[in-house]
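Everything on this sheet refers to the single structure shown next.
The chains referred to below are lettered A, B, ... by the order of the sequence lines, with proteins before strands, and numbering in each begins at 1.
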2 protein chains.
Amino acid sequence: MKTLTSGEIAKYCDVNLRTVIRWIDSGRLKGYKLPGGGNNRVKEEDFLAFLQDNELPIPADFQSKETRVLIVDDELQVAKAISRVTTRAGFKSVIATDPFMAGALLTSFKPQLMTLDLSMPGVNGYDIVKFARHDYDDKSLKILIISALGEEQRQQALDLGADMSLPKPFSNKELLNTIESLLVK
Amino acid sequence: MKTLTSGEIAKYCDVNLRTVIRWIDSGRLKGYKLPGGGNNRVKEEDFLAFLQDNELPIPADFQSKETRVLIVDDELQVAKAISRVTTRAGFKSVIATDPFMAGALLTSFKPQLMTLDLSMPGVNGYDIVKFARHDYDDKSLKILIISALGEEQRQQALDLGADMSLPKPFSNKELLNTIESLLVK
DNA sequence: ACCATTTATGACTAAAATGACAAATAGGAC
DNA sequence: GTCCTATTTGTCATTTTAGTCATAAATGGT
């Protein structure tokens, strides 16, 4: 859990330290005091809530950083190829070559986009889509199906909640266009 | 009885180690010194009391009282049998029947104990142990291998970082004893 | 016994809290 | 616009608390 000092907040808000302390004392900004002699600390989440409530500009440090992409493909070559494209496009990319890693990275890395190979041995890609849509809390996650399987199978994944599908093989340009169309905000 | 070092407390409170030592020296935070050269230890209960007394935020690790158990087994019957035992013993139990769920639940449910079936089709249990020990941040996670495979395979998992192993089939009593021995604080 | 990591300590520097007071700002009334 | 007033914010000096650094010691693991 990250916390901020009154001085840090003063810099972020471009106000005097004295003012921040008064905000905290008056309860406008939620904080707590260290045992020592009462130095203030504010939880990052409370600070962000404070900024939002008062419609203050959000400092760059707290802007949601780079867009994250999780690449799920058991063929490392393919995964790396995708990763090159996404990384070059400015996304932070992580590769999962087995379903366990995929699950672990989905809930810890929290990507905005997941590319998913449907035809992984021993894995049911449909179940992954189902999980992401039913048991996973970030509904804004974009799922891009990448598969050598036929149109029918890819459509089935879309029906389950995937956002788009791309047949293998694909060109880098196709891939990039598809991803960027999914990630427009 | 679980104890904390000054460094751990520093991290939990997001404060410098030096400051924690001063809190202890001044008596604000109750602790005791090891015989060696005076390294500090603080009882978990004293730390929690300290947090409460000073209205400090309680770290996530100390939030939920209940101990969480993740059961990874593709055979739902077996998983449910384990779940019955752990639930009855007072643990909060969750079942993952495929590796993707297992990964997702490990990093979101954040169990203190994971039971792991080595012989799941299409999944390499060893990779899961490796992931948990190398790429997962909670090193205090206990891993209990449950497998019908031979002693040798189970030993291999232990070598990779699992904490204990139990051959299939097992009695409820064996299971419970093993789990509780892993979770003693 | 050895090593890497963590912790303790003192001295010092940096940062924060506080009160009193000055300056700036916002909103009304004219 | 000007004047007035209430509220908020900034400044300053001082005291207290927290962080940094270097070094020595202890701890944990192999």
Side-chain angles (χ1 to χ4, degrees), chain A residues 1-44 46-47 50-59 61, chain B residues 1-44 46-47 50-51 53-57 59 61 129-130 132-143 155-164 181-182 184-185:
Chain A
M1 175 201 46
K2 205 181 168 197
T3 62
L4 303 166
T5 64
S6 46
E8 287 168 334
I9 291 173
K11 276 177 199 152
Y12 282 131
C13 295
D14 196 18
V15 284
N16 194 277
L17 169 66
R18 195 70 190 80
T19 302
V20 174
I21 294 170
R22 278 191 279 245
W23 287 347
I24 296 173
D25 286 345
S26 69
R28 273 191 279 265
L29 171 56
K30 190 179 163 195
Y32 61 94
K33 289 182 181 298
L34 293 184
N39 279 26
N40 290 293
R41 286 290 144 93
V42 176
K43 286 201 249 181
E44 186 175 282
D46 289 332
F47 177 53
F50 168 81
L51 292 177
Q52 291 218 314
D53 290 348
N54 296 281
E55 294 178 354
L56 301 178
I58 295 178
D61 293 9
Chain B
M1 174 201 51
K2 204 177 171 195
T3 62
L4 302 166
T5 64
S6 46
E8 286 168 336
I9 290 174
K11 275 178 199 151
Y12 281 131
C13 294
D14 196 15
V15 148
N16 194 278
L17 168 67
R18 196 70 190 80
T19 301
V20 174
I21 293 170
R22 277 193 279 247
W23 288 347
I24 296 173
D25 287 346
S26 70
R28 273 189 276 263
L29 170 56
K30 189 179 163 193
Y32 60 93
K33 288 184 181 297
L34 296 183
N39 279 25
N40 290 293
R41 286 295 139 89
V42 175
K43 284 201 264 181
E44 186 176 284
D46 289 333
F47 177 52
F50 167 81
L51 291 177
D53 290 348
N54 295 282
E55 295 179 344
L56 301 178
D61 293 10
V129 176
K130 268 192 250 174
R133 289 305 179 223
H134 291 105
D135 303 317
Y136 182 59
D137 52 2
D138 179 11
K139 303 298 182 202
S140 72
L141 169 74
K142 303 296 181 187
I143 302 177
Q155 183 58 47
Q156 197 179 333
L158 293 180
D159 291 342
L160 287 171
D163 294 284
M164 272 200 193
S181 73
L182 280 172
V184 282
K185 293 185 180 178

* Rounded to the nearest angstrom, tell me the gap between atom NZ in B:K33 and atom P in D:dA26. => 12 Å
Solution key, residues 17-33 of chain A side-chain donor-acceptor pairs under 3.5 Å, sequence neighbours excluded:
{"residue": "A:S26", "atom": "OG", "partner": "A:R22", "partner atom": "O", "Å": "3.1"}
{"residue": "A:S26", "atom": "OG", "partner": "A:W23", "partner atom": "O", "Å": "3.0"}
{"residue": "A:K33", "atom": "NZ", "partner": "A:N40", "partner atom": "OD1", "Å": "3.1"}

* Using the test salt bridge (charged side-chain N to carboxylate O under 4.0 Å, His left out), find all partners of B:D163 that sit at least two apart in sequence or belong to another chain. => B:R133
* To do: Can you tell me the distance, in whole Å, between the CD1 atom of A:I21 and the P atom of D:dT8?
  => 17 Å
* Between protein and nucleotides 11-25 of chain D, map the contacts as a letter string: B base, S sugar-phosphate only, - none, heavy atoms under 4.0 Å, written 5' to 3'. => B-----SBBB-----
* Approximate separation, where rounding is to 0.5 Å, of A:D61 CG and A:K11 NZ -> 11.5 Å
* Structure fact -> Atom CG of B:D159 and atom P of D:dT30 are separated, to the nearest Å, by 13 Å
* Let me know the distance between CD1 of B:I24 and P of C:dT7, rounded to the nearest Å. => 11 Å
* Nearest-0.5 Å distance, OH of residue B:Y136 to CG of residue B:L141 -> 6.0 Å
* **Between CZ on residue A:R41 and OG1 on residue A:T5, distance to nearest 0.5 Å** => 6.0 Å
* Starting from P on C:dT7, measure out to OH on B:Y32 and report it in whole angstrom. => 14 Å
* To do: Return the value, rounded to whole Å, for the distance between atom CG of A:L4 and atom P of C:dA15.
  => 15 Å
* Asked: Over how many whole Å does the gap from B:L29 atom CG to C:dT7 atom P extend?
  -> 14 Å
